[in-house]
Amino acid sequence: MSERARTIIRGALAVLAAAAAYELAARSGIFAKALLPPLAKIAGTLAAMLADGSMLTHAAYTLARMLMGFALAVAIGVPLGILMGRKAAVEEFCLPLVNALMPIPSLAWVPVFILWFGLGNTVAVLVVGYAAMFPLLLNTWAGVRSVNQLWLRAASAMGASEAALFWKVLLPGAAPFIIAGLRQAFQRSWIAVVGAEMIAASDWGLGFVIYDAKEFLNADVMLASLAVIGTIGFAFERLLFGTLERATVQRWGMVQAAKI
Amino acid sequence: MRATISKANSAVRRALPFLVVGALWEITAHLGLFPPRLFPPIEDVAAALLRLTASGALLRHAGETLLRLLAGFSLAAVLGVALGVAMARSRLAEDLTLPLVSIAAPIPGIAYAPLFLLWFGLGNGAAVLLVGFVSMFPIIFNTWTGVKAVKDIWLRAALTMGADPRRLFRHVTLTGALPYILTGLRLGLAQAWRILVVVELLAAVPWGLGWLIFGAREFLNTDVMLAGIAVIGAIGLALENVLFRRLEQFTVVRWGMMT
């Protein structure tokens, strides 16, 4: 048996064993059925929620809030990061502010934003924006500064205009960092959107549905939503950012593909 | 003389952004565009901070929050490092745990909060366990990578010089993996810190910075909220810059493994 096959078999066995242990605990009757629903019930709930479209609506609301906040962060963070990397005065002014604001967890702003903007979408969008902003800003800044000066001088010497310099040299040069920033920003905003929805969302959203299920002791709904949240997170990480990386910086030969 | 001037100059430059933003905030607050309850001037926030500090309430809130963080994080550090080392050293442990860890890790920690509250009840128990659970994943992954990244030649050199397995583990494996482990601990602590405020609200604990800022919302005490947020930010900065930088200076930097 090859090593790889053994790894896969052992992994599958571990997952099966964990599932069996859970099932056993759920069916043993030691714990309340509502708190520890059997796997079949969770799967049934997930299927039912997918079939009647409610899970998709929840996911769509969450994704919409997240993408809006993310867009906000990209619209502010990337240009500001580039400016900070290019102009010393901007860097000198913004960096202390960024350093002061960054250590504040985005979710700590939730009560303030609720007071200012009321319960609802605005709070979630702004919290996501705050969470995603700093990784993007700092990575863009680092990326711009790490662009090889030689490339800039070479392009200038070959007569590149300011615009061409920016689009063809600076931005691609900083791209590995910016993509790393997008990744980090996504992870943070995924946490932020779920947390914000638990507190500030009124009727739809994956964070809301998990929290709401607690009120009615619907552990099956909770676990089904957790599975959806995990799947979406995984898909973004692997499919979206992985593809983005392959299509840009990897194709340009700026970073190596991972060995595994 | 020139040195003092340039020192004073750089201090002014560093303070300038804060002065500008502070002045803008003051002008907006005093213009009366927004109700002062919702947009308090800075002196109100400072007064709230002083009031809370003087009454000792702030200290107790911060203390309980830090205690929760510490309890959960210690749990995560012990379990995470142990599991990470086991995964790196034994193929069997790696094959068995990696799939499970990889399934649980991509779900944001805060999403587990209602489940933990349901299972372990409202209060400190659930909050501490959740903090531990959330900060464990980066610690596991980094320890695992770190132990695997220990150079073979170091191990072989120590072996030929007659190190027994215990010494080999303590002085070579663990030490060699320490830069990674420290990164994992730092990431884990940062993640736990980011969600702890909300966990405190959801778990309905009676004291804690999260409770302070969310409780202040009920009474529209924006000044208390902003003061609380400032303290949260300051503690986050201190954990990151003071605690971990010291730890790094004292270990891996001193050993010349990192600059």
Side-chain angles (χ1 to χ4, degrees), chain A residues 3 6-15 17-18 31 34-36 92-97 99-112 114-116 131 187-188 190-195 198-199 206-207 210-211 213-214 217 219 222-223 225-227 229-231 233-234 237, chain B residues 13-18 20-21 34 37-39 91-92 94-100 103-115 117-119 191 193-198 201-202 209-210 213-217 220 222 225-226 228-230 232-241:
Chain A
E3 198 139 295
R6 203 177 61 188
T7 299
I8 292 171
I9 288 170
R10 277 176 175 175
L13 279 179
V15 173
F31 307 100
L35 298 188
L36 217 59
E92 211 167 273
F93 187 83
C94 292
L95 199 58
L97 292 174
N99 283 331
L101 287 176
M102 195 175 44
I104 300 174
S106 54
L107 288 171
W109 289 106
V110 171
V112 180
I114 290 179
L115 272 191
W116 284 353
Q187 282 173 1
R188 293 220 188 157
W190 198 222
I191 297 171
V193 74
V194 173
M198 282 184 188
I199 306 160
L206 293 169
I210 291 190
Y211 189 64
K214 183 172 86 77
L217 298 180
M222 249 183 223
L223 288 162
S225 315
L226 272 178
I229 290 179
T231 311
F234 187 78
E237 169 64 31
Chain B
R13 281 182 161 200
R14 222 171 301 149
L16 183 72
F18 297 103
V20 171
V21 172
F34 309 105
R37 290 231 68 127
L38 295 187
F39 203 92
R91 193 59 199 259
L92 181 67
E94 183 180 11
D95 287 347
L96 290 181
T97 40
L98 194 58
L100 293 174
I103 288 173
I107 301 176
I110 187 79
Y112 290 106
L115 196 66
L117 293 175
L118 203 59
W119 283 350
Q191 285 199 2
W193 186 242
R194 274 203 286 277
I195 66 155
L196 188 56
V197 282
V198 174
L201 165 79
L202 299 177
L209 291 169
I213 58 172
F214 281 99
R217 184 170 74 88
L220 297 183
T222 315
M225 258 186 225
L226 291 172
I229 290 178
I232 291 173
I235 294 179
L237 197 65
L239 287 176
E240 171 72 27
N241 280 359

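Below, chain A is the first sequence line, B the second, and so on; all start at residue 1.
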Identify which part of [X] has an atom lying under 4.5 Å from any heavy atom of chain A, answering side chain, backbone, both or neither.
X      : result
B:I235 : neither
B:Y112 : both
B:L196 : neither
B:L201 : side chain

Pick from [options]: which one has the most heavy-atom pairs with chain B under 4.5 Å?
options                        : value
A:L97, A:I229, A:N99           : A:L97
A:A219, A:G195, A:P111, A:S106 : A:P111
A:L226, A:V15, A:V194          : A:L226
A:P96, A:C94, A:G230           : A:P96
A:L115, A:L36, A:T231          : A:L115

Can you measure from [atom1] ([X]) to [atom2] ([Y]) and round to the nearest 0.5 angstrom?
X      : Y      : atom1 : atom2 : value
A:I8   : A:L13  : CD1   : CG    : 12.0 Å
A:M198 : A:K214 : CE    : NZ    : 10.0 Å
B:R91  : A:R6   : CZ    : CZ    : 6.5 Å

Which heavy-atom pair separates [X] from [Y] by the least distance, and what is that distance?
X      : Y      : answer
A:L107 : A:A192 : CD2-O, 3.7 Å
A:A18  : B:L100 : CB-CD2, 3.8 Å
A:A108 : A:I104 : CB-CG2, 4.3 Å
A:L35  : B:W119 : O-NE1, 2.7 Å

Greatest number of heavy atom pairs closer than 4.5 Å to chain A - which of [options]:
options                      : value
B:I232, B:L92, B:N241        : B:L92
B:L202, B:I195, B:L98        : B:L202
B:D95, B:L209, B:V21, B:L220 : B:D95
B:L16, B:I213, B:V197        : B:I213

Between [X] and chain B, which part of the residue has a heavy atom less than 4.5 Å away: side chain, backbone, both or neither?
X      : result
A:A12  : neither
A:L223 : side chain
A:I114 : side chain

Are the side chains of B:V198 and A:V110 in contact, using a 4.5 Å heavy-atom criterion? no
Is it the case that atom CZ in A:F234 sees more than 12 heavy atoms from other parts of the structure closer than 6.0 Å? no
Heavy-atom donor-acceptor pair, A:W116 side chain to B:L38 backbone, under 3.5 Å: yes
